[in-house]
Amino acid sequence: MANMLPDDALIEILLHLPKHPTCLLRASLVCKHWRYLIRDNKFIKRFRAFHQTPPVLGIFTNSTSIPRFLPIGNPPECVTVGAFSLPDPYWHVLGCRHSRVLLISSSWNSLQVWNPMTGNRYAVPVTPDVNPRINYGRVPESHAAVLCAAGHNDHGDCSSCPFFIVWVFTNIGYAYISRYSSEKDTWDMMASSPAPSEVDSRPSILVGNVIYWPLKSKHILAFELATSRLYHIECPPETHSVYRRNVHIMKAEDGGLGLATMTGFNLQLWALEINSGGVTGWVLRKTIELGAVLPLEVPSVPLTDSHLVRRPPVRILGLVEEDDLFFIWTAVGVFAVQLKSLQFKKVFEADVSATFYPYTAFYTTGAA
């Protein structure tokens, strides 16, 4: 009966399929005509525009105790691990954004921009200006981020777009920003500014036209892409005693800069706002009692036998930049939690302590 529908009506039905990774693939297997419609570039663009936010296909980690890529879901309702295997297991993930993964070699002298959806890999040498191994005779703390350089708002398919790599490194009380352009194939030193501490290993967050990194102190480093302004922001004083890896930068509900902190079972959501007097400050917007949301309250577990401190009973492993989806560790597994709806799903059983790098994309490779 479906084949008797006009193409316009059939396309409207296909557009409303869930954005789940395998839905388009399974629909394309129904018949040759459906496959022809689904693999058309115009349909794929409309599908991305209709669903807007791409789904999470899986999680990259730098862990040595669990797989480097963990697909979300169970076979056959998920992407295959083989398609997302790292090109080289000795490379480390620095971040994922706009369908690309930024990798760095174990020697920290080479970067690689990898698109798992297309298999394309782009090697980028680290120049002396940003090489953390040779600056000032010591090893500065470094991090980097990849982002689309096309200047558009729809990042559903950036595989053919130029990109930037923004590298931050801190040394002797200063932070430095260098930017690589794939169009020019060059690095340019963009900015420097006093910094209260070194950059942390937690991933960056892109909010509007500003990229943010957490510092090891209770501060956030901000770099404005349009103006090359580099500065730091102090976190709310109420968060200064929170376990560092339970403090994560996020996009606030209004699209501005936000902060998520976890204390015990309480997840607090902060937003940086300007009050009626024109003063910028942090505002606590919401407190979520995860003990009432997740199925089991779990006791805290000793970090190691040799440590007297105990790690938090609930930990933030990562979050999705363009969504309100958090990955939360508990002793009974890892949960994906939607902050607005408070819907949750247990996604992994393992005791995972590594930082999560969620990979989001519209999985049209199998259908195309």
Side-chain angles (χ1 to χ4, degrees), residues 14-15 17-29 34-62 67-73 75-89 91-104 111-124 144-165 182-183 203 206 318 320-323 325 347 356-368:
L14 294 174
L15 283 174
L17 287 175
K19 60 183 179 181
H20 187 278
T22 61
C23 280
L24 282 184
L25 174 61
R26 285 182 291 174
S28 71
L29 299 177
W34 282 33
R35 181 175 176 82
Y36 169 79
L37 294 176
I38 290 173
R39 69 185 299 179
D40 183 77
N41 286 333
K42 292 182 180 179
F43 170 81
I44 292 175
K45 289 180 179 179
R46 288 187 63 189
F47 186 83
R48 289 168 175 151
F50 177 80
H51 289 282
Q52 297 184 340
T53 305
V56 181
L57 301 186
I59 303 295
F60 285 101
T61 78
N62 290 318
R68 300 291 300 277
F69 180 78
L70 301 166
I72 297 294
E77 305 295 328
C78 64
V79 298
T80 59
V81 175
F84 291 84
S85 297
L86 291 181
D88 189 324
W91 288 60
H92 296 280
V93 178
L94 292 178
C96 305
R97 185 175 289 112
H98 303 157
S99 301
R100 294 180 170 110
V101 183
L102 181 60
L103 305 170
I104 192 163
L111 293 162
Q112 190 173 134
V113 177
W114 170 45
N115 188 330
M117 305 299 291
T118 63
N120 292 339
R121 289 183 281 170
Y122 192 104
V124 180
V146 63
L147 61 150
C148 177
H152 50 215
N153 294 322
D154 179 14
H155 295 287
D157 182 17
C158 298
S159 58
S160 60
C161 296
F163 62 84
F164 290 133
I165 298 175
S182 64
E183 286 185 301
L206 181 65
V320 179
E321 188 173 80
E322 295 295 331
D323 203 350
L325 183 66
V347 289
F356 274 17
Y357 300 90
Y359 182 82
T360 63
F362 286 104
Y363 188 64
T364 54
T365 302

Any Leu111 side-chain heavy atom under 4.5 Å of Ile165 side chain
yes
Identify the heavy atoms of Pro358 and Val56 that sit nearest to each other, and give their distance.
CB-CG1, 4.3 Å
Is there side-chain contact between Tyr357 and Pro203, with heavy atoms separated by less than 4.5 Å?
yes
If you define the side chain from C-beta out and look only at heavy atoms, does anything of Ile38 sit under 4.5 Å from Phe47?
no
CZ/Arg68 to CG/Asp88 distance, rounded to the nearest 0.5 angstrom?
9.0 Å
On a heavy-atom basis, the closest approach of Pro162 and Ser182 is CA-OG, 3.4 Å
Can you tell me how far the OG atom of Ser99 sits from the CG atom of Asn120, to the nearest 0.5 Å?
11.5 Å
May I have the step-by-step check of side-chain contact (heavy atoms from CB on, under 4.5 Å) for Leu103 and His92, ending in yes or no?
CA-CA 5 Å; Leu103 305 170; His92 296 280; over 6 Å; no
Counting only N and O atoms by type, is there a donor-acceptor contact under 3.5 Å from the side chain of His98 to the main-chain atoms of Leu147?
no
Any side-chain heavy-atom pair from Val81 and Pro71 closer than 4.5 angstrom?
yes
Mind checking whether Phe43 and Leu24 have side chains closer than 4.5 Å, heavy atoms only?
yes
Going by heavy atoms in the side chains, are Pro116 and Val101 under 4.5 Å from each other?
yes
Exercise: identify the closest heavy-atom pair between Trp91 and Leu86
O-CD1, 4.0 Å
Please find the pair of heavy atoms, one from Leu15 and one from His51, that lie closest to each other, and give the distance.
O-NE2, 3.1 Å
For the residue pair Val93 and Phe356, establish whether any side-chain heavy-atom pair is separated by less than 4.5 Å.
no
In sequence, state the C-alpha distance, the side-chain angles, and the governing distance for Leu14 and Trp34, and then conclude on side-chain contact (heavy atoms from CB on, under 4.5 Å).
CA-CA 9 Å; Leu14 294 174; Trp34 282 33; 4.2 Å; yes
Kindly give the heavy-atom pair with the smallest separation between Pro18 and Cys23, and that separation in Å.
O-CB, 3.5 Å
Parallel, tilted or perpendicular: which fits the ring planes of Phe60 and Tyr359, with parallel below 30° and perpendicular above 60°?
perpendicular
Taking the six-membered ring for Trp, are the ring centroids of Trp114 and Phe84 within less than 6.0 Å of each other?
no
If you define the side chain from C-beta out and look only at heavy atoms, does anything of Leu57 sit under 4.5 Å from Ile72?
no
Residues Phe163, Tyr122; criterion ring-ring contact (aromatic ring centres under 6.0 Å, His included); working and verdict
CA-CA 11 Å; Phe163 62 84; Tyr122 192 104; 5.1 Å; yes
To the nearest 0.5 Å, atom CZ of Arg46 lies from atom CG of Asn41 at 14.0 Å
With sequence neighbours left out, what residues match Arg121 under salt bridge (charged side-chain N to carboxylate O under 4.0 Å, His left out)?
none
Donor-acceptor under 3.5 Å (Glu321 side chain, Leu206 main chain)
yes
Tightest non-hydrogen contact, residues Phe362 and Arg48, listed as CD1-CG, 3.3 Å
